[in-house]
Amino acid sequence: MNFKAIRGTYDHTPEDMEVWNFVESAARRTASIFGYKEISTPIFEQTGLFKRAVGEGTDVVQKEMYNFTDLGGNELTLRPEGTASVCRAFIEHGMHNKPYPVRLFYIAPMFRHERPQSGRLRQHHQFGVEIFGDSSSETDLEIILLGLTYLESLGIKGLKLKVNSIGTSKSRVEFKKSFEHYMNPLKNKLSEKDQKKYELNPIRILDSKEKSTQDLLLDSPKPIDFLDKDSKEHWEKFINLLDQSIKMFEGVEFEIDKGLVRGLDYYSKTVFEIQPKDSNKAQSSILSGGRYDNLVENIGGPDTPAAGFGSGIERVILNIKENKEEDLDSLQLLIIPASNEGLVVSIKIAQQLRNKNVSTSICSSDRSFKAQMRYANQINANNIIVIGEKEISTNKITIKNLSSKIEKTVDLTSEDILSVLDSNG
RNA sequence: GUGGGCGUGGUGUAGCUGGUUAACACGUCAGGUUGUGGCCCUGAAGAUCGAGGGUUCGAAUCCCUCCGCUCACCCCA
């Protein structure tokens with residue numbers, strides 16, 4: 001084999017597509033019953049959009065983007081996440097003039113140049129929702145409930161929801177001052193890795209996985225302790241609503257994780273993450289997001305509060321224990337032509353049936369009759385008919401249902417065949 | 001970018017204390033009398049043993065390099 005799917009990408013085989021479509025349709029259905037409308041944006045954008053939206057200093061922008069220059073000299077980037085593009089489209093199409101709030105969702109591929117591992121790819125797909133123009137706490141709650149409804153509809157049980165508030169950029173300045181005051185004397189006790197991290201972006205060491213670091217952070221100031229009045233009210237109302245409504249979801253537990261910070265710069269106030277309770281995998285977060293009240297304005301739009309989440313479809317699929325979908329894809333009718341004349345008739349009949357929504361294939365006349373029958377069985381065809389000289393001269397065909405073995409003889413017309421197939425199922 | 005594990009027909013594996021034509025299962029294809037399948041039987045195709053180099057009379061088996069896959073770190077969905 002000379003060519004392979006490139007690292008961190010993969011093919012969806014026909015077998016894979018069954019689960020895939022199951023998940024995608026659950027996403028569409030859930031978003032739709034919550035009143036969200038689908039949007040689709042190009043897979044690449046100006047590099048500047050992501051730099052501006054995601055943040056110049058983030059890992060995503062610094063080392064994970066697929067950047068390229070096109071023949072016109074434009075700096076472009078394969079999108080590493082969905083929110084920036086949707087916000088751009090929101091502004092570009094003047095959606096701020098629509099009745100608020102505007103609810104949007106997307107299912108789309110994302111690209112990040114990372115080292116692949118379990119639950120991490122270079123091309124992955126996200127189901128994401130965004131809600132614009134509503135700064136209320138119940139909006140934050142709504143997207144979380146949407147996310148939980150989605151995961152529940154896929155039969156994923158035992159979820160843990162982590163929530164936190166990181167305040168506004170203004171309140172974070174206060175926090176940062178206090179945090180650095182606390183950390184500076186302890187700085188040299190950090191591991192080398194975390195020291196570097198601390199230099200780059202102090203807040204990010206809050207969710208360090210290193211035990212020694214976590215111990216040092218036990219009594220440190222946390223962003224949530226520095227909320228301004230507005231953020232604090234927002235948070236308290238949110239937690240109150242969440243506490244009252246989370247019980248609707250069986251087996252879902254939630255906790256306030258004061259150390260939860262996100263790797264994308266645009267978040268403010270509420271942030272959250274959903275993961276399987278029993279996950280021992282490293283990449284366990286399957287749905288995460290939060291509020292981003294400044295992003296739209298930041299990339300050139302009107303001041304518009306917003307919130308949203310992204311959920312990795314591949315990671316969700318890793319958590320689907322059993323796929324209950326039945327094999328609905330089996331072919332309804334396979335036609336076996338038994339002569340040249342039969343082949344011509346087969347082609348006509350097949351086309352008539354397809355026009356009536358019956359999935360129909362014709363077997364290769366190059367192969368023996370036995371081979372054709374075997375093929376019918378291998379692909380799990382529901383019914384077969386043979387069209388040869390006998391059928392054409394008598395104008396009668398026999399439809400055989402392969403699972404029940406029942407045979408029915410009718411006139412050689414698509415209407416008659418259809419009526420038998422309908423009664424056969 | 002850093003570290004661990006692994007690379008044998010389409011798939012999953014055996015062989016790996018070096019020795020004649022690389023084995024097994026599943027799958028694929030063909031046949032087991034002419035136009036009705038699934039089981040069974042027979043046969044066939046299909047692998048330069050990830051690539052290159054080295055040691056040796058001789059390597060899938062030992063050594064080196066590279067590549068790929070995979071898991072983990074970082075970060076994220």
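Order of the sequence lines sets the chain letters (A, B, ...), proteins ahead of strands, with each chain counted from 1.
In this structure, A/S118 reaches the B/rC71 phosphate: one of its side-chain N or O atoms is under 4.0 Å from OP1 or OP2. Residue A/Q117 places at least one side-chain N or O closer than 4.0 Å to OP1 or OP2 of B/rC73. Using a 4.0 Å cut-off, some side-chain N or O of A/Q378 falls inside it from OP1 or OP2 of B/rC29. OP1 or OP2 of B/rA77 lies within a sub-4.0 Å distance of a side-chain N or O belonging to A/S288. Side-chain N/O atoms of A/S368 include one lying less than 4.0 angstrom from OP1 or OP2 on B/rG31. For B/rC69, the OP1/OP2 oxygens have a side-chain nitrogen or oxygen of A/R7 closer than 4.0 Å.
When the P atom of B/rG37 is taken as reference, atom CD1 of A/I399 falls 18 Å away, rounded to whole Å. Atom CG in A/L121 sits about 12 Å away from atom P in B/rC69, given to the nearest Å. Straight-line distance from the CZ atom of A/F369 to the P atom of B/rG32: 14 Å, rounded to whole Å. Distance NZ (A/K4) to P (B/rG50): 12 Å, rounded to an integer number of Å. Put simply, CD1 on A/I143 is 15 Å from C1' on B/rA77, counting in whole angstrom units. The separation between A/I379 atom CD1 and B/rG27 atom P is 17 Å, rounded to whole Å. Residue A/Q275 contributes atom CD, which lies 12 Å from atom C1' of B/rA77 at whole-angstrom precision. For the pair A/Y266 OH and B/rA77 C1', the computed distance is 11 Å after rounding to whole Å.
Judged by closest nucleotide on RNA chain B, A/T398 is the one of A/H124 and A/T398 placed further toward the 5' end. Toward the 5' end of RNA chain B, the nearer of the two residues A/Y375 and A/Q126, judged by each one's closest nucleotide, is A/Y375.
In the set B/rU36, B/rA77, B/rA72, B/rU36 carries the atom at the smallest distance from any side-chain atom of A/I384. Ranking B/rA30, B/rA77, B/rA72 by closeness to the A/A371 side chain, first place goes to B/rA30. Considering only side-chain atoms of A/R367, the nucleotide from B/rU36, B/rA72, B/rC29 that sits closest is B/rC29.
Separation of the A/Y292 and A/Y266 ring centroids falls under the 6.0 Å cut-off. Taking the six-membered ring for Trp and the full ring otherwise, the centers of A/F309 and A/F127 sit less than 6.0 Å from each other.
In plain terms, the two heavy atoms of A/L49 and A/R88 that are nearest each other are CD2-CB, 4.0 Å. Closest of all the heavy-atom pairs between A/Q332 and A/V358 is OE1-CA, 3.6 Å. Nearest heavy atoms, A/I156 versus A/N319: CG1-O, 3.8 Å. Residues A/G308 and A/E130 come closest through the heavy atom pair CA-OE1, 3.5 Å. For the pair A/E81 and A/F50, the tightest heavy-atom approach, listed with the atom from each and the gap, is O-CE2, 4.0 Å. A pairwise comparison of heavy atoms in A/L121 and A/G8 identifies CB-O, 3.4 Å as the closest pair.
Ion pairing between a basic and an acidic side chain is recognised when a charged N comes within 4.0 Å of a carboxylate O; A/E38 and A/R28 show such pairing. A salt bridge between A/K269 and A/D140 is absent, with no side-chain N of the basic residue lying under 4.0 Å from a carboxylate O of the acidic one. Using a cutoff of 4.0 Å between basic side-chain nitrogens and carboxylate oxygens, A/E152 and A/K157 are not scored as salt-bridged. In this structure, A/K176 does not pair ionically with A/E180, as no charged nitrogen and carboxylate oxygen lie closer than 4.0 Å.
Straight-line distance between the C1' atoms of B/rU20 and B/rG3: roughly 43 Å, to the nearest whole Å. Distance noted for atom P between B/rG52 and B/rU33: 48 Å (whole Å). Using atom C1' as the reference point in both B/rU11 and B/rG27, the two lie 7 Å apart (nearest Å). Distance check on atom P: B/rC40 versus B/rG58 gives 47 Å, rounded to whole Å. When the P atom is compared between B/rA23 and B/rG15, the two are found 15 Å apart, to the nearest whole Å. Here, B/rC39 and B/rU65 have their P atoms 50 Å apart, quoted to the whole Å. Nucleotides B/rG31 and B/rU13 have their P atoms positioned 33 Å apart, rounded to a whole Å. Comparing the same atom, P, in B/rG9 and in B/rU55 gives a spacing of 28 Å after rounding to whole Å.
A/G119 comes within 4.0 angstrom of a base, heavy atoms only. Nucleic acid contact class of A/L264 (heavy atoms, under 4.0 Å, all strands): sugar-phosphate only. Note on A/E389: a base of the nucleic acid sits closer than 4.0 angstrom, heavy atoms only. A/R262 comes within 4.0 angstrom of the backbone, heavy atoms only, and of no base. Among the heavy atoms of the strands lying under 4.0 Å from A/G388 is at least one base atom, whether or not backbone atoms are also near.
Counting only Watson-Crick and G-U wobble pairs whose two distances sit under 3.5 Å, RNA chain B takes part in these stems of three or more pairs: B:1-7 with B:67-73, B:10-13 with B:23-26, B:28-32 with B:40-44, B:50-54 with B:62-66.
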Check your understanding: How far apart are the C-alpha atoms of A/Q351 and A/I347, what are their side-chain angles, what is the distance that settles it, and do they pass the side-chain contact (heavy atoms from CB on, under 4.5 Å) test?
Key -> CA-CA 6 Å; A/Q351 197 55 25; A/I347 291 167; 5.8 Å; no

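Side-chain N/O atoms of A/T413 and A/D411 include no donor and acceptor closer than 3.5 Å. Side chains of A/E142 and A/Y36: a donor on one and an acceptor on the other come within 3.5 Å.
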Filtered N/O pairs between nucleotides 38-45 of chain B and protein, under 3.5 Å:
from	atom 1	to	atom 2	distance (Å)
B/rG38	O4'	A/N377	OD1	3.0
B/rG38	O6	A/K405	NZ	2.9

What are the atom names and distances for every N/O pair under 3.5 Å that joins the protein to nucleotides 8-10 of chain B?
none

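Remark: the A/E391 side chain and the B/rG35 base include a donor-acceptor N/O pair separated by less than 3.5 Å.
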